[in-house]
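Below, chains carry the letters A, B, ... as their sequence lines are ordered, and counting in each starts from 1. Because the structure is a prediction, the values reported are computed rather than measured.
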Amino acid sequence: MSPSITVRHGDASVQLDAGATALQALKALEAIRGAIVAAQVTLPDGTARQWDLDRPVPDDVEVAGIAADTDEGRAILRHSAAHLMAQAVTDLFPGAKWAIGPPITDGFYYDFDVERPFTPEDLERIEARMHELARERQRYVREEVAREAALEEFADQPYKTAIIELVDDGTILSAVDVGGDDEQAGADGAEGAGGEPTFTVYRNVRPGGEVAWSDLCRGPHVPSTERVPAFKLLRSAGAYWRGREDQPMLQRIYGTAWESKKALKAHLELLEEAKRRDHRKLGRELELTHHPDELGPGLSIFLPAGALVRKQMEDWIRDETLARGYVPVYTPHIAKEDLWRISGHLQNYAELMYPGMELDDSASAYRLKPMNCPFHILAYTSRTRSYRELPLRIAELGTVYRYERSGVVNGMLRARGFTQDDSHIFCRADQVVDEVVDCIEFARDLYAAFGLGEPSRVAVSTRPDDKSIGTDEQWQYAERALMQAAERSGYDYQIDAGEGAFYGPKIDIHARDAIGREWQLTTIQVDFNLPERFDISYVGDDGAKHQPFMVHRALFGSIERFFAVMVESFNGAFPTWLAPVQVQLVPVAADFLGYADEVAGRLRATGVRVEVDASDGTLGNKIRAAQTSKVPYTLVVGASEAEAQTVAVRPYRGDQRKDVQVEAFVAEVVAEIAEKRPREHG
RNA sequence: GCCGAGGUAGCUCAGUCCGGCAGAGCAUCCGCCUUGUAAGCGGACGGUCAGGGGUUCGAAUCCCCUCCUCGGCUCCA
């Protein structure tokens, strides 16, 4: 008579023979809905853990299936895909050493130490081999092994033994961090006999029982290789072991894996769509921006069309900033090195600053500004400040220059010269939370105005582990203030531990674009440090001097980055109020140029940005030119229109309308433009 | 900075492996056409083949260095 266990799912409960697997339990409980990749087991003490379907479940637990088409389920099947890839690499490149292979957003990677970097042809071979292995229906078999046995088994895998060693000195958590979303280390908690950690090894077992491959891994995995239904290898790249430059460079292969071929296809199409929308490509095609080699990496020229879009953005933020009680300033691009010594930038930020400009007749070098804050402090200290003036919100569109390392510059998303819609709010300690809440609401309004909807994520970044200045008390106060503000603004927020700036913690606000990608845009930082370093003060109602807090905030973040996000999110087809050219006049033949000019003039008189196509191309040719330029409205005019004082309206999106009265169209487009600009200039 | 892939006309790309007159389409300009909703026809213009050095009778092509771009590591607005 074998002992029995009890398992539950919701209200259901059932008794099973001891040794029953998670899959058997779920079947007995009739708890399987759709495709599942693993189980979630909630132990009697309330902790929930992911569990292999073929792994026996303990007594008195709650079990549930993890569906393949959830984030959690995809992470598991991607992790299994990473194993499959490592096995294929091992087959094709004998002697390859494996490091870690976690699932990441939308995919997975695995790092290898191999003789030579992988070529695109290698990736094709590896992927083909993965398909063969998947068809073999190898089972992923979990096995717990003692530390010594693990060390022995992976004696010829230095990175695996290093992971095991990391558990020993208690730094396994840092190894987990290296792995990103998840990690490969098989440390399954310090639960082994005698306090020794127990490791788990996953073996890929062929139907005949032969062990094809084994990896140290925390799991769980899908039950068998054919349960990784759709995958594709995307690219290879160098990556440092443990992400540290003093460590060997490994070869990383990125792949993506999905619960179905359909989902994979949809993802690959999204990648293609992203490529089509790339702001560098559209910027060139639509003549928005220019990045000639002579200019230098990370620097941009805004051509007239791009500049008009940017002007709309700047007008919006300038007007809105003034309306919300900020005051404007203008500051220079360079300043004496001493300023940056006082601010602490030279000590904490030097590697991101351009080198000093030495001048013969000056005792001090000058530096390009990487941030605007010291200048705004100088604006603050231009005279004695009273508590009655606080909060004092100083704002500027300030262009900063940062010497980003050559490998990290990325179009306008990560640039060396960029403009922040920067503001520094000087306030009393008790005003910090209110000010941060206002900033979050301001950011929300901005995202809405520019068509990004609600923020997708709010994250509070806390004190960095390494470089930072200030006392624990100051950091705690500031971090608490940010969390309180985040709570009051009603957003769920997450904590990014150790991701703060060197001078204080911050809130970052992210948004999703039209094709679902997430961008970090707004940043709000609380600073107690610069006020101290510059010894700034205000006179309180007690007549004594007090030190204010500073809130740094940039809502667009970087105008260039936000511009790039706009280009990509709108696919270059801007809403009318942002579009560089709002209306394109197309005469059907040269005879009607006069009437086209007349209509254009009436539009221009109301402030609409309008152009007339005076080329001698065919009508089809001119229509095509208008469409490919993505102008919101094309107006076709010929004899009948001139006669009746009408236009034929061809919107970029939507159906064309004929015989629209000119005055009606003007009123329509003017209203549309006004509507998209909640606070029109003037 | 490190690893990999690239750089040919304003744009998109052939030609590079295997050294032998530098090409196509689009754009631009000129001419013809006088047009009714996504490319009319013809011609012209346009190149230090990223830059420099080397090998060679001869280099876009092979070798070396530098710059720049792309994808990553890392970082970040």
Output the rounded distance in Å from [atom1] ([X]) to [atom2] ([N]).
X         : N      : atom1 : atom2 : value
Ile317(A) : A77(B) : CD1   : C1'   : 14 Å
Glu518(A) : C76(B) : CD    : C1'   : 15 Å
Arg252(A) : C2(B)  : CZ    : C1'   : 13 Å
Asp111(A) : C73(B) : CG    : P     : 10 Å
Leu619(A) : U34(B) : CG    : P     : 15 Å
Glu121(A) : G4(B)  : CD    : P     : 15 Å
Tyr254(A) : G4(B)  : OH    : P     : 16 Å
Phe418(A) : A77(B) : CZ    : C1'   : 4 Å

Inter-nucleotide P distance (C57(B), G71(B)), Å rounded: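 Comparing P positions in C57(B) and G71(B) gives a spacing of 43 Å.
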Between A50(B) and C13(B) - P atom distance, rounded Å: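 The same atom, P, in both gives a distance of 15 Å.
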Between CZ on residue Phe450(A) and CZ on residue Phe563(A), distance to nearest 0.5 Å: 11.5 Å
Approximate separation, where rounding is to 0.5 Å, of Ile515(A) CD1 and Glu273(A) CD: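 If I round to the nearest 0.5 Å, the distance is 5.5 Å.
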Any Arg650(A) side-chain nitrogen or oxygen under 4.0 Å from OP1 or OP2 of A38(B):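 Yes, because at least one side-chain N or O of Arg650(A) sits under 4.0 Å from OP1 or OP2 of A38(B).
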Under-4.0 Å side-chain N/O to phosphate OP1/OP2 contact, Thr618(A) with U35(B):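 No, because none of the side-chain N or O atoms of Thr618(A) sits under 4.0 Å from OP1 or OP2 of U35(B).
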Give me the atom names and distance for the closest heavy-atom approach of [X] to [Y].
X         : Y         : answer
Leu233(A) : Phe108(A) : CD2-CZ, 4.1 Å
Tyr110(A) : Ala82(A)  : CD1-O, 3.4 Å
Gly298(A) : Ala415(A) : O-CB, 3.2 Å
Gly572(A) : Leu282(A) : N-CD1, 3.9 Å

Is a donor-acceptor contact shorter than 3.5 angstrom present between the side chain of [X] and the base of [N]?
X         : N      : value
Glu641(A) : G36(B) : yes
Glu294(A) : A50(B) : no
Tyr403(A) : G1(B)  : no
Arg561(A) : C76(B) : yes

Which part of the nucleic acid, if any, lies within contact of [X], taking any heavy atom under 4.0 Å across all strands shown: a base, the sugar-phosphate backbone alone, or nothing?
X         : value
Ala626(A) : nothing
Leu521(A) : sugar-phosphate
Glu560(A) : nothing
Ala554(A) : nothing
Ala415(A) : base
Thr419(A) : nothing
Thr634(A) : nothing

Arg561(A) (side chain) donor-acceptor with Leu521(A) (main chain) under 3.5 angstrom: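 No, Arg561(A) side chain to Leu521(A) backbone: no donor-acceptor pair under 3.5 Å.
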Any side-chain donor near an acceptor of the partner, Tyr403(A) and Glu351(A), under 3.5 Å: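 No, no side-chain donor-acceptor contact under 3.5 Å.
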Residue-level proximity of residues 281-290 of chain A to RNA chain B when a heavy atom falls under 4.0 Å: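 By residue number: Arg284(A).
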Residue-level proximity of residues 496-515 of chain A to RNA chain B when a heavy atom falls under 4.0 Å: Lys506(A)
Which nucleotide, if any, forms a Watson-Crick or G-U wobble pair with [N], using both distances under 3.5 Å?
N      : answer
G20(B) : C57(B)
G25(B) : C11(B)
G42(B) : C30(B)
G1(B)  : C73(B)

Parallel, tilted or perpendicular: ring planes of Phe502(A) versus His345(A), cut at 30 and 60 degrees: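 Taking His345(A) first and then Phe502(A), their aromatic rings stand perpendicular (interplane angle over 60°).
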Output the single nucleotide from [options] whose closest atom is nearest the side chain of [X].
X         : options                : value
Met249(A) : C3(B), A77(B), U74(B)  : C3(B)
Gln656(A) : U35(B), U37(B), U74(B) : U37(B)
Val636(A) : U74(B), U34(B), U37(B) : U37(B)

Residue pair Glu314(A), Lys311(A): steps toward the salt bridge (Lys or Arg N to Asp or Glu O under 4.0 Å) verdict: CA-CA 5 Å; Glu314(A) 294 185 347; Lys311(A) 178 179 182 299; over 6 Å; no
Ring of [Y], cation from [X] - is the NZ or CZ under 6.0 Å from the centre and inside 45° of the axis?
X         : Y         : value
Arg310(A) : Phe302(A) : yes
Lys630(A) : Phe574(A) : no
Arg125(A) : Phe93(A)  : yes

Could you go through nucleotides 25-31 of chain B and list every protein N or O atom that sits under 3.5 Å from one of its N or O atoms, giving the distance for each pair?
none

Close side-chain approach of Ile126(A) and Phe118(A), heavy atoms under 4.5 Å: yes
Side chain to side chain, Val581(A) and Val583(A), heavy atoms closer than 4.5 Å: no
Give each protein N/O atom lying under 3.5 Å from an N/O atom of nucleotides 64-71 of chain B, with the pair distance.
unit_1: C68(B); atom_1: O2'; unit_2: Asp293(A); atom_2: OD1; d: 2.6
unit_1: C68(B); atom_1: O2'; unit_2: Asp293(A); atom_2: OD2; d: 3.4
unit_1: C70(B); atom_1: OP1; unit_2: Arg280(A); atom_2: NH1; d: 2.8
unit_1: G71(B); atom_1: OP1; unit_2: Arg280(A); atom_2: NH2; d: 3.1
unit_1: G71(B); atom_1: OP2; unit_2: Asn410(A); atom_2: ND2; d: 3.0
unit_1: G71(B); atom_1: O2'; unit_2: Arg235(A); atom_2: NE; d: 2.8

Pairs satisfying salt bridge (Lys or Arg N to Asp or Glu O under 4.0 Å), at least one member in residues 610-623 of chain A, at least two apart: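 Of all non-adjacent pairs touching residues 610-623 of chain A, none passes salt bridge (Lys or Arg N to Asp or Glu O under 4.0 Å).
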Pairs involving residues 442-451 of chain A, ordered by first then second residue, that meet salt bridge (Lys or Arg N to Asp or Glu O under 4.0 Å) (sequence neighbours left out):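 Residue pairs passing salt bridge (Lys or Arg N to Asp or Glu O under 4.0 Å), neighbours aside: Arg324(A)-Asp445(A).
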Earlier contact from the 5' end, RNA chain B, for Gly417(A) and Gln251(A): Gln251(A)
First of Thr119(A) and Leu413(A) reached from the 5' end of RNA chain B, by closest nucleotide: Thr119(A)
